Trainee: 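Have a look at this one before I ask anything.
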Amino acid sequence: MRIAVIPGDGIGVETTAEAVKALRAVGDVFGRQLDLETLPWSADHYLETGVTIPPDGYAMLREFDAIFIGALGDPRVPDNRHARDILLGTRFELDLYVNYRPVRLLDARLCPLKDRSTADVNFIVFRENTEGLYVNVGGRFKAGTDDEVAIQEELNTYKGVHRIVKHAFEFAKANGRCRVCMADKSNAMTHGHALWQRVFKELAPRYPGIEARHLYIDALVLLMVQNPSQFDVIVTNNLFGDIITDLGAQLQGGLGMAASGNLHPGRTSMFEPVHGSAPKYAGKNVANPVGAILSAALMLEYAGWKDEAEAVEAAVKESVVSGNGTAEIGGTLGTRETGDYIADVIKTNQKAH
Ligand code: IPM
Ligand code: MN
């Protein structure tokens, strides 16, 4: 497998190094060839060269089997244009319409809700990833004056909504998950979200074994906190998916724990932890690499390397449960030491096999 690695900015560089360690451990013990090619695109690179991503950048990325991104964002680039071009650009240009964000609690003690077991927090969010409020359509009129008007359009297309909702149902069916919940705000957003309603009602009857439920997004977030065990598969639009997956990350123990895949089934896809570049923690060896390592596991799973993905997940779980992790999840290790620990567990578990 040929993988493009974009470590990016801040702690992204540090957590990516640990994801790479886990991938190399997998390559060693499973006898798999993983060619990792690092691309320098980042705030540093932009500040040095004026280039966020080269003109042929997206075409280059398409040549790889998969893409791994650390995190992007730097206070020296106040409009974060490099992040927009590299991260959002890749999502849009490669048409990665599925943002796959599992919310899975590995250790009950990490859940901020009281009396929850690991079984209570185990669902998938499918976030539409190519439309909605992220399309950058709109404009500002009389900007900077007291008469300023700012318009930000939300784009919803039949094809776009259909393919993500269908993906959620197909995923549920293929993975033995029997509840799909679609969340929108159709009581207020009467045009765009009426389309989500239409598509959901059209597709749901094609999946008779699967309970199809609709919730308004405000009710959904309430229920995610009140009783997350009722959720199995959630599908929603780009912005709502962005917001609820931060909430989902905290249910798993924090942003450092959460993984994601940006997918176009059958095509080159991109994997990244949900966390940001966290400038204030950068270079301190304190960032939690678990979300990045679990994102690497999603990449292996997506490539069809199921045993390899499970080996990585099992090693991560062992590190989290045994307290061999970073401080914010109750451990005593640094970023690098956590990555070393997980890579070692991958190796010893596999040798014992
Ligand atoms: C995410 C991030 C991005 C998003 C930002 C960095 C643009 O928050 O991947 O969740 O909003 O999609
Ligand atoms: Mn986000």
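The structure displayed is predicted, hence computed values, not measured ones. When a ligand or atom number is given, it counts from 1 through the structure's own listing order.
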Trainee: With the threshold set at under 4.0 angstrom, would you say Arg84 reaches ligand 1 through any of its heavy atoms?
Mentor: no
Trainee: Answer yes or no on whether Arg177 is positioned over the face of Phe126, meaning its NZ or CZ is under 6.0 Å from the six-membered ring centre and within 45° of the axis.
Mentor: no
Trainee: Side chain to side chain contact (heavy atoms under 4.5 Å, CB included) with Val290: which of Met257, Glu18, Lys317, Gln252?
Mentor: Met257
Trainee: For Arg109, look at atom CZ and say whether over 12 heavy atoms of other residues, nucleotides or ligands are found less than 6.0 Å away.
Mentor: yes
Trainee: Does Asp242 come within less than 4.0 Å of ligand 1, judged by its heavy atoms?
Mentor: yes
Trainee: Heavy-atom contacts under 4.0 Å between His275 and ligand 1: side chain, backbone, both, or neither?
Mentor: neither
Trainee: State whether a side-chain donor-acceptor pair under 3.5 Å links Asp9 with His82.
Mentor: yes
Trainee: What protein heavy atom sits nearest atom 4 (C) of ligand 1, and how far off is it?
Mentor: Tyr134 OH, 3.5 Å
Trainee: Name the orientation class of the two ring planes belonging to Tyr158 and His162 (parallel below 30°, tilted from 30 to 60°, perpendicular beyond 60°).
Mentor: tilted
Trainee: In terms of residue, atom name and distance, what is the protein heavy atom nearest to atom 1 (C) of ligand 1?
Mentor: Arg101 NH2, 3.4 Å
Trainee: Under 2.8 Å from the Mn ion (ligand 2), is there any N, O or S atom belonging to Asp242?
Mentor: yes
Trainee: Once rounded to the nearest 0.5 Å, what's the spacing between atom CD of Glu301 and atom OH of Tyr100?
Mentor: 4.0 Å
Trainee: At what distance is the nearest protein heavy atom to atom 7 (C) of ligand 1, and which residue and atom is it?
Mentor: Leu88 CD2, 4.1 Å
Trainee: To which of Leu255, Asn99, Leu87 does the heavy atom nearest atom 6 (C) of ligand 1 belong?
Mentor: Leu87
